[in-house]
Amino acid sequence: MKEISMASTLTNFQVEILKGIPENFPSKKVYPKTGNPAPKRKDILSKEEKKLAVQNALRYFPKDWHAELAKEFASELISYGRIYMHRFKPEYQMYARPISEYPAKTKQAAAIMLMIQNNLDPAVAQHPEELITYGGNGAVFQNWAQYLLTMKYLAEMTEEQTLHIYSGHPMGLFPSSKEAPRVIVTNGMMIPNYSKPDDWEKFNALGVTQYGQMTAGSYMYIGPQGIVHGTAITVMNAFRKVLKKDETPNGRVFLTAGLGGMSGAQPKAGNIAGCITVCAEVNPEAAKKRHQQGWVDELLTDLSGLVERTKKAIDKKEVVSLAYVGNIVEVWEQFYEEGIFIHLGSDQTSLHNPWAGGYYPVGLSFEKANEMMAENPSEFKKQVQESLRRQINAINKHTAKGTYFFDYGNAFLLEVSRAGGNVMAKNNIDFRYPSYVQDILGPMCFDYGFGPFRWVCTSGNPKDLQKTDAIALKIMQQIKAEAPEEIQQQMQDNITWISEAEQNQLVVGSQARILYADAEGRSKIAEAFNNAIANGEITAPVVLGRDHHDVSGTDSPFRETSNIYDGSKFTADMAIHNVIGDSFRGATWVSIHNGGGVGWGEVINGGFGMVLDGSEEASRRLKSMLFYDVNNGISRRSWARNKEALFAIKREMKRTPNLKVTLPHLVESDILDHLFDA
């Protein structure tokens with residue numbers, strides 16, 4: 001990509017990007033009343049802290065603007081609980097443009113600009129006005145000034161500079177080298193004693209940290225597709241656990257909740273798995289958005305109508321997804337009263353954020369709940385916990401009849417336990433229901449090295465995406481032909497997925513795809529992409545990445561590492577090593593976050609982005625980085641004595657003589673049985 005000089009003919013969009021913070025004071029904008037605004041945040045700052053928050057916000061702007069902006073930012077803080085700097089939101093449309101349209105000196109920087117805009121696209125983002133991509137609080141930036149500065153820095157960046165971003169704030173461009181990452185991102189990295197939920201509320205309101213979720217703050221979110229593949233795999237394998245070999249999911253019910261960001265993938269995944277999906281969502285705008293995008297088949301607002309429609313679908317053995325605009329607690333209770341048998345049950349509300357819009361109590365309208373959340377947070381918390389107790393009581397009645405319920409990694413069981421709900425196992429240590437990672441994704445995928453590899457075609461051309469699909473399918477078929485029996489099912493599920501991906505209409509925003517693959521699959525697919533770019537079959541660079549919800553990227557005791565049983569699941573060494581290791585092995589950008597998925601203070605997660613441009617350098621980087629990114633996690637899982645991971649790492653060491661991993665010596669249980677008897 002050639003540098004765009006100021007003498008070139010620039011588009012209005014390019015001119016605006018290069019300005020950064022505008023030279024002239026922009027007019028105040030009217031905050032939109034339509035769309036899907038973020039809920040008002042808790043009023044948690046003292047008077048002096050509110051002054052500090054305004055002071056912090058004003059440092060982005062010239063002193064001449066301070067008097068007027070101080071009043072405006074104070075008003076935003078009072079009205080929304082945050083200073084978003086809405087006056088400075090750009091006038092241009094926010095979406096992933098073809099990479100050639102970005103003013104940049106490097107392809108890597110232009111690709112990152114594309115990914116940032118995709119994460120803020122209203123078709124992709126949950127609360128785009130507030131720069132929140134998904135999960136209720138998963139932010140790309142804290143405010144619009146940070147966005148403007150970051151895009152300007154990326155436009156100016158050379159291949160010997162690195163942009164360092166502190167929780168959305170672009171600290172600046174620092175001299176580095178061509179081998180270094182172009183961007184380093186951290187989000188919410190708190191001193192451990194300041195990592196409680198109210199700490200996020202306070203320090204985010206002060207404008208000094210943010211919750212990046214997993215892929216929001218690392219610019220790698222690709223819409224609900226980013227989770228639909230993993231959700232489809234989870235639902236398919238959950239049905240395999242409860243059905244006989246000759247039975248299909250057709251006409252059988254999967255009941256869950258959430259249609260916001262990541263949870264919006266559930267109905268589409270249910271259709272792919274071939275069942276009846278019933279998904280409750282309290283936010284009408286979120287439900288309508290998913291219906292308009294084709295991610296859910298039918299919307300229903302009446303509970304009795306939902307009951308009748310579900311019964312009809314069961315009788316006709318339909319494959320259909322039904323969204324109920326209402327509270328999930330009512331559905332669990334009513335389905336029990338009506339005798340509707342639920343084969344699979346789960347929940348994907350944003351319970352990592354239970355007191356600020358992640359979960360809504362039964363008995364209150366969406367609007368009334370939002371009012372209570374801001375004006376009477378203690379009563380809101382009380383009602384949320386009462387709803388959680390009601391919900392688990394209803395779930396327990398269904399599971400007593402044979403329903404298979406699993407925690408979907410959203411901290412549902414954790415928050416139910418904190419609310420005093422009947423969710424503990426007999427030993428009063430474990431939960432009575434498993435995490436889906438414990439039962440399904442951990443042993444079946446992560447321990448073998450399979451996880452959510454993803455890519456984005458920066459041309460914006462659907463034909464390039466079709467080409468990548470075909471390349472990935474061919475590679476997976478070749479690998480399957482030589483793969484051992486232990487991973488044949490995983491290979492076939494992924495071959496089926498990629499062969500049907502286009503017809504399932506998964507794209508929202510950028511031309512992106514996700515595919516569960518192991519290190520071998522990721523490296524071979526990436527190398528084939530790079531070759532196709534070099535010979536012109538693919539017309540522009542491809543961005544590689546993954547969900548942080550992966551083999552290696554995340555230390556999360558209630559989700560990603562919930563099937564680690566050696567006592568180390570509360571440690572976070574793996575995620576830190578992954579980000580450091582990826583950074584010097586060729587990643588274009590890396591990110592490390594506190595929070596994400598299960599909550600602030602409950603998880604450390606990291607990710608990467610890598611730009612393939614058809615060069616020999618890209619080929620070298622992808623082989624080194626993708627290999628480590630996966631096998632670091634398999635190594636940790638094998639050291640925890642997970643048998644599938646032991647199989648996978650031993651197999652990898654045979655193929656890669658330069659890999660030498662410390663393996664555990666397994667201990668016979670009878671040696672330990674009576675060691676500490678009284």
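Values below: every heavy atom of this structure, side chains too, minus hydrogens, waters and symmetry copies.
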Residues that K50 engages under side-chain hydrogen bond (donor to acceptor under 3.5 Å, both in side chains), provided they are two or more places apart: D43

Is D407 salt-bridged to R559, going by a charged N under 4.0 Å from an acidic O? no

Y102 side chain to Q117 side chain, donor-acceptor N/O pair below 3.5 angstrom: yes

Which is it for Q142 and Y84 under the side chain to side chain donor-acceptor pair (under 3.5 Å) test, yes or no, and what are the steps along the way? CA-CA 7 Å; Q142 297 179 61; Y84 297 116; over 6 Å; no

Could you tell me whether the side chain of N118 and the main chain of A96 form a donor-acceptor pair under 3.5 Å? no

So that I can tick it off, tell me whether E130 and R82 are bridged by a salt bridge, with the cut-off set at under 4.0 angstrom between side-chain N and carboxylate O. no

Q266 vs T256, test: side chain to side chain donor-acceptor pair (under 3.5 Å). Steps then yes/no. CA-CA 8 Å; Q266 294 178 108; T256 185; 2.7 Å; yes

Just checking, is any N or O donor in the side chain of H593 or Q213 under 3.5 Å from an acceptor N or O on the other one? no

Between atom CG of L413 and atom CG of L351, what is the distance when rounded to the nearest 0.5 Å? 10.0 Å

Close side-chain approach of S195 to N594, heavy-atom, < 4.5 Å: yes

Within-4.5 Å side-chain heavy-atom neighbours: Y324 and E281: no

Does N353 reach the main-chain N or O of A356 with its side chain, forming a donor-acceptor pair under 3.5 Å? yes

Between N143 and I83, does the side chain to side chain contact (heavy atoms under 4.5 Å, CB included) criterion hold? Intermediate values first, please. CA-CA 7 Å; N143 56 59; I83 299 172; 5.8 Å; no

Indicate the atoms forming the closest heavy-atom contact of A38 with I132, along with that distance. CB-CD1, 4.2 Å

Worked verdict on R41 versus E201 for salt bridge (Lys or Arg N to Asp or Glu O under 4.0 Å): CA-CA 8 Å; R41 305 302 183 185; E201 294 281 1; 5.7 Å; no

Without hydrogens or angle criteria, can the side chains of Y60 and Q146 be said to hold a donor-acceptor pair below 3.5 Å? yes

Before we go on, tell me: are the rings of Y211 and H352 under 6.0 Å apart, centre to centre? yes

In sequence, state the C-alpha distance, the side-chain angles, and the governing distance for K29 and E91, and then conclude on salt bridge (Lys or Arg N to Asp or Glu O under 4.0 Å). CA-CA 10 Å; K29 295 182 177 67; E91 297 285 353; 3.7 Å; yes

Side chains of I165 and M171: closer than 4.5 Å at any heavy-atom pair? no

Ring geometry between W589 and Y219 (parallel below 30°, tilted from 30 to 60°, perpendicular above 60°): tilted

Any donor-acceptor pair under 3.5 Å linking the side chain of R389 with the backbone of A419? yes

Can you check whether R454 reaches I222 side chain to side chain, under 4.5 Å on heavy atoms? yes

For the backbone of L388 and the side chain of E415, can you confirm whether one donor and one acceptor N or O come within less than 3.5 Å of each other? no

Please confirm whether the ring centroid of F61 lies under 6.0 Å from the ring centroid of H66. no

Under 4.0 Å between a Lys/Arg side-chain N and an Asp/Glu carboxylate O for K89 and E129? yes

Would you give the length of the straight line joining atom CD of E101 to atom OG1 of T458, rounded to the nearest 0.5 angstrom? 11.5 Å

So do V603 and T554 actually touch side chain to side chain, heavy atoms under 4.5 Å? yes

Taking T209's backbone N and O only, do any of them form a donor-acceptor pair with N204's side chain (distance below 3.5 Å, no angle check)? yes

Using a strict cut-off of less than 4.0 Å between a Lys/Arg side-chain nitrogen and an Asp/Glu carboxylate oxygen, indicate whether E68 and R87 qualify as a salt bridge. yes

For a quick check under 3.5 Å, do H548 and S218 share a side-chain donor-acceptor pair by atom type? yes

With rounding to the nearest 0.5 angstrom, report the CD to CD distance, Q383 to E379. 4.5 Å

Separation of D582 CG from F608 CZ (nearest 0.5 Å): 6.5 Å

Run the salt bridge (Lys or Arg N to Asp or Glu O under 4.0 Å) check on K289 and E285 step by step: do they pass? CA-CA 6 Å; K289 183 175 181 178; E285 291 301 322; over 6 Å; no

Can I get a per-line list of side-chain donor-acceptor pairs under 3.5 Å for residues 15-27, giving both atom names and the distance, sequence neighbours left out?
| from | atom 1 | to | atom 2 | distance (Å) |
| --- | --- | --- | --- | --- |
| E16 | OE2 | K19 | NZ | 3.1 |

Backbone N or O of V611 within a donor-acceptor pair of the T588 side chain at under 3.5 Å? yes

Would you confirm whether R290, through its side chain, and K288, through its main-chain N or O, come within 3.5 Å as a donor-acceptor pair? no

What verdict does the side chain to side chain contact (heavy atoms under 4.5 Å, CB included) test give for I576 and I604, after you've listed the backbone C-alpha separation in whole Å, the side-chain angles of each residue and the deciding distance to 0.1 Å? CA-CA 8 Å; I576 301 299; I604 298 295; 4.2 Å; yes

If you measure from CZ on F73 to CD on Q55, what distance do you get to the nearest 0.5 Å? 13.5 Å

If you take the centroid of each ring, where Trp contributes its six-membered ring, are Y80 and Y31 closer together than 6.0 Å? yes

Scan side-chain atoms only and decide if Q348 and N410 contain a donor-acceptor pair under the 3.5 Å cut-off. no

Report the distance from atom CH2 of W600 to atom CD of E602, rounding to the nearest 0.5 Å. 12.0 Å

Does a side-chain heavy-atom distance below 4.5 Å link I112 with M115? no

For residues R182 and T158, report the shortest heavy-atom separation together with the two atoms involved. NE-O, 3.8 Å

Which heavy atom of N327 sits nearest to which heavy atom of V329, and what is that distance? OD1-N, 2.9 Å

Check whether any side-chain heavy atom of L114 lies under 4.5 Å from a side-chain heavy atom of R97, and answer yes or no. no

Is there side-chain contact between N137 and W200, with heavy atoms separated by less than 4.5 Å? yes

Might you work through the side chain to side chain contact (heavy atoms under 4.5 Å, CB included) test for M220 and V543, ending with a clear yes or no? CA-CA 9 Å; M220 193 49 69; V543 173; 4.0 Å; yes

Look at atom CD of E298 and say whether more than 12 heavy atoms of other residues, nucleotides or ligands are closer to it than 6.0 Å. yes

When you measure from the side chain of Q14 to the backbone of T11, do you find a donor-acceptor pair of N or O atoms at a distance under 3.5 Å? yes

In a table with atom names and distances, give each donor-acceptor pair under 3.5 Å that connects a side chain of residues 359-366 to protein atoms at least two apart or in another chain.
| from | atom 1 | to | atom 2 | distance (Å) |
| --- | --- | --- | --- | --- |
| Y359 | OH | Q391 | OE1 | 2.7 |
| Y360 | OH | N370 | OD1 | 2.8 |
| S365 | OG | K368 | N | 3.0 |

Would you say K381's side chain and P354's backbone share a donor-acceptor pair under 3.5 angstrom? no

Verify the distance criterion only: is there a donor paired with an acceptor across the side chains of N376 and S378 at less than 3.5 Å? yes

Before you tell me yes or no, could you show the steps for N56 and L58 under side chain to side chain contact (heavy atoms under 4.5 Å, CB included), namely the whole-Å CA-CA distance, both residues' side-chain angles and the distance that decides it to 0.1 Å? CA-CA 6 Å; N56 287 342; L58 291 174; over 6 Å; no

Quick check against the 3.5 Å criterion: does D199 have a side-chain atom that pairs as donor or acceptor with the backbone of K196? yes

Give me the atom names and distance for the closest heavy-atom approach of C279 to P267. CB-CG, 4.4 Å

